[in-house]
Amino acid sequence: MARIYALMQGCASVRPDVVTYGILVNGLCKAGRVGDALRVLDGMSRQDSDIRPDVVTLNTVVDGLCKSGRVQEALAFVEQRMSSVHGCPPNTVTYNCLIDAFCRVGNISMAYELVEKMENEGVPQNIVTLNTIVGGLCRAGRTGAALEFFREKRTVWPEGKGNAVTYSTLVGALLHTNNVGMAMELFHEKMSEGHSPDAIMYFTMISGLTQAGRLEDACSMASSMKEAGFKLDTKAYNILIAGFCRKKRLHEAYELLQEMKEVGLRPDVCTYNTLLSGSCKAGDFAAVDELLGKMIDDGCQPSVITFGTLVHGYCKVGKIDEALRILRSMDESGIHPNNVIYNTLIDFLCKRGDVDLAIELFDEMKEKSVPANVTTFNALLKGLRDKNMPEKAFELMDQMREERCFPDYVTVDVLMEWLPVIGETDRLKRFMQQGEHTASKRIVSDRTSA
DNA sequence: TTAGGGTTAG
């Protein structure tokens with residue numbers, strides 16, 4: 001970028017103008033180089049500069065500051081520099097950038113304050129202002145407040161009627177909070193006004209309805225989408241396939257696999273992993289083997305999740321030896337097992353009472369630099385409790401402290417019902433009172449006061 | 001120059 005700029009400066013017939021600078025500032029901001037963007041702006045603002053930044057250049061910098069997490073600096077820039085230094089008062093876009101940034105850091109009240117400030121200063125709100133607040137409230141889990149805000153502004157603001165963005169944001173949030181009735185109502189409300197849904201709206205509906213367990217509705221939405229001239233993509237099929245697998249409706253899941261192939265879509269590693277997981281959960285290991293064969297024939301490389309799915313599937317039906325065999329086969333495939341896979345094996349081994357082998361795997365994790373996490377320690381501590389092996393447990397508790405692996409409510413549960421019984425209350429207290437373990441101290445005091 | 005969405009293992 002700098003090279004192109006230098007080239008232009010050396011060429012008398014190509015003079016950069018404010019748009020050129022705008023592109024440069026935008027490029028720098030989008031590349032995360034807000035500091036450089038601010039320096040370009042300073043250069044433009046010097047006495048000897050013949051090109052002054054306009055409101056678009058300044059908004060670009062405000063948004064750059066906002067998107068790089070420098071929200072307070074952005075606010076200070078708008079309040080202290082835009083009008084007085086650059087002679088450009090903030091406009092609708094300036095405020096929209098700030099409102100979005102405050103929503104994203106969870107400061108909704110500041111976002112509301114800025115909306116009010118726009119009203120007081122006569123800066124008009126537009127559809128983006130509306131959608132930014134609606135989106136911010138939905139992200140904060142305040143879907144009801146988002147709906148209320150929309151209902152209130154749709155008659156008051158000139159651009160408050162809502163567009164495809166408003167509706168898909170609200171519908172998506174409603175479906176995620178399992179408010180299917182209201183989501184459907186909004187969807188049809190928009191339709192009845194003569195607006196046809198766009199692809200994002202359809203995907204939002206398909207995904208949300210599936211998540212809410214409404215597979216029939218999700219499928220009929222997929223049909224409507226196709227009738228409207230849109231195509232389902234691999235992700236959309238994967239969503240539906242996962243939905244049917246969760247409901248243990250494997251037959252329909254496999255039918256969708258067939259359908260996606262017929263329309264010319266190649267199942268990806270995610271499709272296969274989903275179906276493998278579903279078949280494992282259904283205990284159909286013949287289907288698992290067949291699917292693995294198809295996956296390889298298809299040129300689709302198994303991922304660490306594929307192995308994790310198989311390891312879990314075999315553990316779940318008590319075939320831990322087969323699960324261990326899969327772990328060993330990973331070496332040949334060149335895919336490194338991660339802590340999810342080790343945790344699964346350690347957990348099932350402990351549950352089966354095979355703590356020694358679980359500890360061997362735990363040691364292997366260290367050798368292979370696979371980080372243990374609280375789930376690993378919890379599984380081992382449970383196993384050690386069941387075998388009443390406190391000395392090893394104390395060793396692990398020390399390791400947790402050294403590795404700054406904080407206990408969670410499961411750790412607290414296991415240790416609180418074990419250590420006091422064997423007369424180790426002091427050790428439990430010491431473990432919980434480590435400086436870094438503040439969070440667990442809170443859990444303990446909550447529990448003891450209850 | 002600012003706003004919306006979706007998939008797989010513990």
Side-chain angles (χ1 to χ4, degrees), chain A residues 19 22-23 25-26 29-30 53-64 66-67 91-101 103-104 125-136 138-139 159 162-173 175-176 197-211 218 232-243 245-246 267-278 280-281 302-313 315-316 323 326 337-348 373 375-376 378-379:
Chain A
V19 177
I23 293 167
V25 167
N26 190 24
C29 286
K30 294 282 181 296
D54 63 359
V55 71
V56 174
T57 326
L58 297 169
N59 285 344
T60 305
V61 171
V62 169
D63 194 46
C66 285
K67 295 233 158 59
N91 65 7
T92 304
V93 174
T94 325
Y95 277 104
N96 289 348
C97 294
L98 288 173
I99 290 168
D100 183 54
C103 283
R104 284 181 198 276
Q125 294 88 0
N126 66 7
I127 183 70
V128 180
T129 322
L130 174 77
N131 291 339
T132 304
I133 295 274
V134 165
C138 287
R139 261 196 311 273
E159 290 189 37
N163 63 5
V165 177
T166 329
Y167 279 88
S168 59
T169 304
L170 285 166
V171 163
L175 288 171
H176 282 292
D198 62 8
I200 291 182
M201 177 59 122
Y202 278 118
F203 286 136
T204 305
M205 290 298 283
I206 292 169
S207 156
L209 287 167
T210 304
Q211 178 142 19
L232 292 189
D233 60 10
T234 303
K235 253 188 192 171
Y237 275 103
N238 289 349
I239 289 165
L240 289 167
I241 289 172
C245 284
R246 270 197 296 276
D268 63 8
V269 65
C270 195
T271 322
Y272 282 112
N273 289 345
T274 306
L275 285 162
L276 283 169
S277 170
C280 281
K281 282 179 183 141
S303 66
V304 68
I305 294 180
T306 316
F307 286 99
T309 304
L310 297 173
V311 164
H312 183 254
C315 282
K316 199 79 197 284
I326 290 164
N338 59 14
N339 54 15
V340 174
I341 291 179
Y342 276 108
N343 289 351
T344 305
L345 281 160
I346 288 171
D347 188 40
F348 279 98
N373 59 16
T375 311
T376 326
N378 288 344

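Chain naming here is simple, since letters A, B, ... match the order of the sequence lines and numbering starts at 1 in each. These numbers were taken from a predicted model, which means no experiment stands behind them.
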In whole angstroms, how far is the [atom2] atom of [N] from the [atom1] atom of [X]?
| X | N | atom1 | atom2 | result |
| --- | --- | --- | --- | --- |
| Asn273(A) | dA9(B) | CG | P | 8 Å |
| Lys281(A) | dG10(B) | NZ | C1' | 10 Å |
| Ile326(A) | dA9(B) | CD1 | P | 16 Å |
| Ile346(A) | dG10(B) | CD1 | P | 16 Å |

Any base atoms under 4.0 Å from Asn378(A), or only sugar-phosphate, or nothing? Heavy atoms, all strands.
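Here Asn378(A) touches no strand at all.
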For Asn131(A), which of Asn126(A), Asn163(A), Thr169(A), Asn96(A) qualifies under side chain to side chain contact (heavy atoms under 4.5 Å, CB included)?
Asn163(A)
When you compare the side chains of [X] and [Y], does any donor N or O come within less than 3.5 Å of an acceptor on the partner?
| X | Y | value |
| --- | --- | --- |
| Asp268(A) | Thr271(A) | yes |
| Asn378(A) | Thr375(A) | no |
| Thr306(A) | Thr309(A) | no |

Could you grab the distance from atom CZ of Phe348(A) to atom NZ of Lys316(A), nearest 0.5 Å is fine?
6.0 Å
Per-nt protein contacts along nucleotides 2-7 of chain B (heavy atom under 4.0 Å; B base, S backbone sugar-phosphate only, - none) come out as BBBBBB
Sub-4.5 Å side-chain heavy-atom contact between Val171(A) and Met201(A):
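Val171(A) reaches Met201(A) side chain to side chain.
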